[in-house]
There are 2 protein chains.
Amino acid sequence: MTSRATVKRVRKAPAERRSEIVASAATLGLTEGLECITLRRVADELGVRPGLVSHYFPVAEELVAEAFADATTDELDGLLPSDAGAHDDGGVLGMLRRFLALTSGEEFDDISRLWLNARHLARYRPLLHEQVVRQELLWCRRIEAMIDQGVRSGAFTCADPWAAAVRILVAVDGTSAYINTSLQQRLAPIRDVVRTVMETELGLTAGTLSPAAGD
Amino acid sequence: MTSRATVKRVRKAPAERRSEIVASAATLGLTEGLECITLRRVADELGVRPGLVSHYFPVAEELVAEAFADATTDELDGLLPSDAGAHDDGGVLGMLRRFLALTSGEEFDDISRLWLNARHLARYRPLLHEQVVRQELLWCRRIEAMIDQGVRSGAFTCADPWAAAVRILVAVDGTSAYINTSLQQRLAPIRDVVRTVMETELGLTAGTLSPAAGD
DNA sequence: GGCGTTATTGGTCGCATGAACAATTGCTTA
DNA sequence: TAAGCAATTGTTCATGCGACCAATAACGCC
């Protein structure tokens, strides 16, 4: 009657088991927070013993850092594919609108929480700190690349794509800072901040990046 | 030779001891993080036994929440005195410049960390959540009041002071989100964000709120 | 098909946390 | 000055954490 149905061991290839552990930890960090990534919790999630997780990650913090990197890398690829320009559906402007739609949707809430979580926790955990910095610069560079592309194609103008990317991310992170607290009470004035900043930074007329403007 | 020089008990008035505990916890939260506010840590700081802290705060989370509220209330009063307009040193514009100078100085770093800390931790702690929401709205209202004053005195114009206050705080919190991570790598493009947002929201010509412009 | 590598188990250790409680002692009040 | 209130101490308990390690069993290789 116990929950442990099978005492049979399942032996997997190291690489497979390892990525399984990271994936589980990433999901855990994304839904419940990075503090919940403990040896025991991850082991429970996978139906294995804590010692096994310890075997692949002798230092627990390494798993936390890698889980964060895994989750944010996946999200960034979904937000702004790195092979930008390959299949231009609506061009760069369409890509910007898609970015705005995704980052303002409810599906992005967990990511907002994860970033907030990681930026705080990085204060105490050097390995996580390293990954957060890496990902922050990665996200920034990806946006910069998109701006570069738009400037080259003549979709808009921008004197300093890097600075623009930095400031667009300030808007994104500023609006998502309240995800756990008073976001609902201040939603209305905040709603269009990212879009407005984008339009300003890229010299676009107001409303160009509104969702409806694409049709 | 032990650190416990005196075994003599010091009995203080409850109100005094209580505020002493809160003050110590607030300092601790501000310098080392809210997670460091533990019964034992605070007791050590004050040279008393953990049970005493427990006596005043039977539920530890209450102390954390109150410490946060204490620290942020003090900071807000230093940033934007609630008796605004009483002694107009340079008027509202001077007050805005002072706000910008203080929030961009290094002395504000601990406050940035505290807000980041609290906004994340509020996810798990209902009592802290309540205080963070309260303080967020309090900071917002204080800025709104200052805008109201400036509009009345004709220093600038603003169609929706509340919305402007919300967006100014988005800029403040957006720029301070990286305080623990990659702030240094992206300092240049970020430096003038809050000032620029303020000037835009208040219909001021660019540069009006620059530090030098006051002399 | 036996054998050795190693993935996996199960248990232990030390540490820090919040909470609870009886005993003690300083202070105030009658 | 005696008595009582309550501020303060000292200790205990249960919980969850990371880290460590010996024993075990599944799988691939010869």
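What you are looking at is a predicted structure, and each value in this text was computed from that prediction instead of being measured. Numbers restart at 1 for each chain; the letters A, B, ... are given by sequence-line order, proteins then strands.
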Assuming nearest nucleotide by heavy-atom distance, tell me which of Glu61(B) and Val10(B) is located more 5' along DNA chain C.
Glu61(B)
If you measure from the Lys or Arg side-chain nitrogens to the Asp or Glu carboxylate oxygens, is any gap between Arg142(B) and Asp77(B) under 4.0 Å?
yes
Side chains of Tyr178(B) and Val133(A), heavy atoms from C-beta outward: is any pair under 4.5 Å?
no
Taking salt bridge (charged side-chain N to carboxylate O under 4.0 Å, His left out) as the test, write out the residues that go with Arg113(A), two or more places apart.
Asp110(A)
For Glu62(B) and dA19(C), give me the distance from atom CD to atom P, rounded to whole Å.
9 Å
Residues passing the side-chain hydrogen bond (donor to acceptor under 3.5 Å, both in side chains) test with Ser112(A), sequence neighbours excluded, are none
Rounded to the Å, how far apart are Phe57(B) CZ and dG18(C) C1'?
15 Å
Where along residues 120-132 of chain A does a heavy atom come under 4.0 Å from DNA chain D, residue by residue in number order?
none
Could I get the full list of salt bridge (charged side-chain N to carboxylate O under 4.0 Å, His left out) partners for Glu62(B), not counting sequence neighbours?
none
Interatomic distance where CZ belongs to Arg41(A) and P belongs to dG18(D) [whole Å]
12 Å
State, with a plain yes or no, whether a side-chain heavy atom of Phe57(A) is found less than 4.5 Å away from one of Val42(A).
no
Closest nucleotide of DNA chain D for Arg40(B) versus for Arg11(B): which of these residues is on the 5' side?
Arg11(B)
Can you tell me how far P of dG10(C) sits from CG of Asp44(A), to the nearest Å?
13 Å
Between dA19(C) and Ser54(B), is there an OP1 or OP2 to side-chain N/O distance shorter than 4.0 Å?
no
Closest of dT9(D), dG18(D), dA19(C) to the Val48(B) side chain is dT9(D)
Go through residues 12-30 of chain A and report each residue with a non-hydrogen atom lying under 4.0 Å from DNA chain C, sorted by number.
Lys12(A), Pro14(A), Arg17(A)
Roughly, in whole Å, what's the span from CG in Leu39(A) to P in dT12(C)?
18 Å
Separation of dA22(C) atom C1' from Arg49(B) atom CZ, nearest Å, is 16 Å
Can you say whether the rings of Trp115(B) and Trp139(B) are parallel (under 30°), tilted (30 to 60°) or perpendicular (over 60°)?
perpendicular
How would you label the contact of Tyr56(A) with the nucleic acid (heavy atoms, under 4.0 Å): base, sugar-phosphate, or nothing?
sugar-phosphate
Looking at residues at least two apart in the chain, or sitting in another chain, which of them share a salt bridge (charged side-chain N to carboxylate O under 4.0 Å, His left out) with Glu199(B)?
Arg195(B)
Please tell me if His55(A) has a side-chain N or O lying less than 4.0 Å from either OP1 or OP2 of dT8(C).
no
When the distance from CD of Glu35(B) to C1' of dG18(C) is rounded to whole Å, what number comes out?
15 Å
Rounded to whole angstrom units, what separation is found between the CG atom of Leu52(B) and the P atom of dA6(D)?
15 Å
Tested for side-chain contact (heavy atoms from CB on, under 4.5 Å) against Met146(A), the lone hit among Val92(A), Ile168(A), Val151(A) is Val92(A)
For a quick check of understanding: with a heavy-atom distance under 4.0 Å over all strands, which category does Pro58(B) fall into, base, sugar-phosphate or nothing?
sugar-phosphate
Between Arg17(A) and Glu20(A), does at least one N-O distance fall below 4.0 Å, as a salt bridge requires?
yes
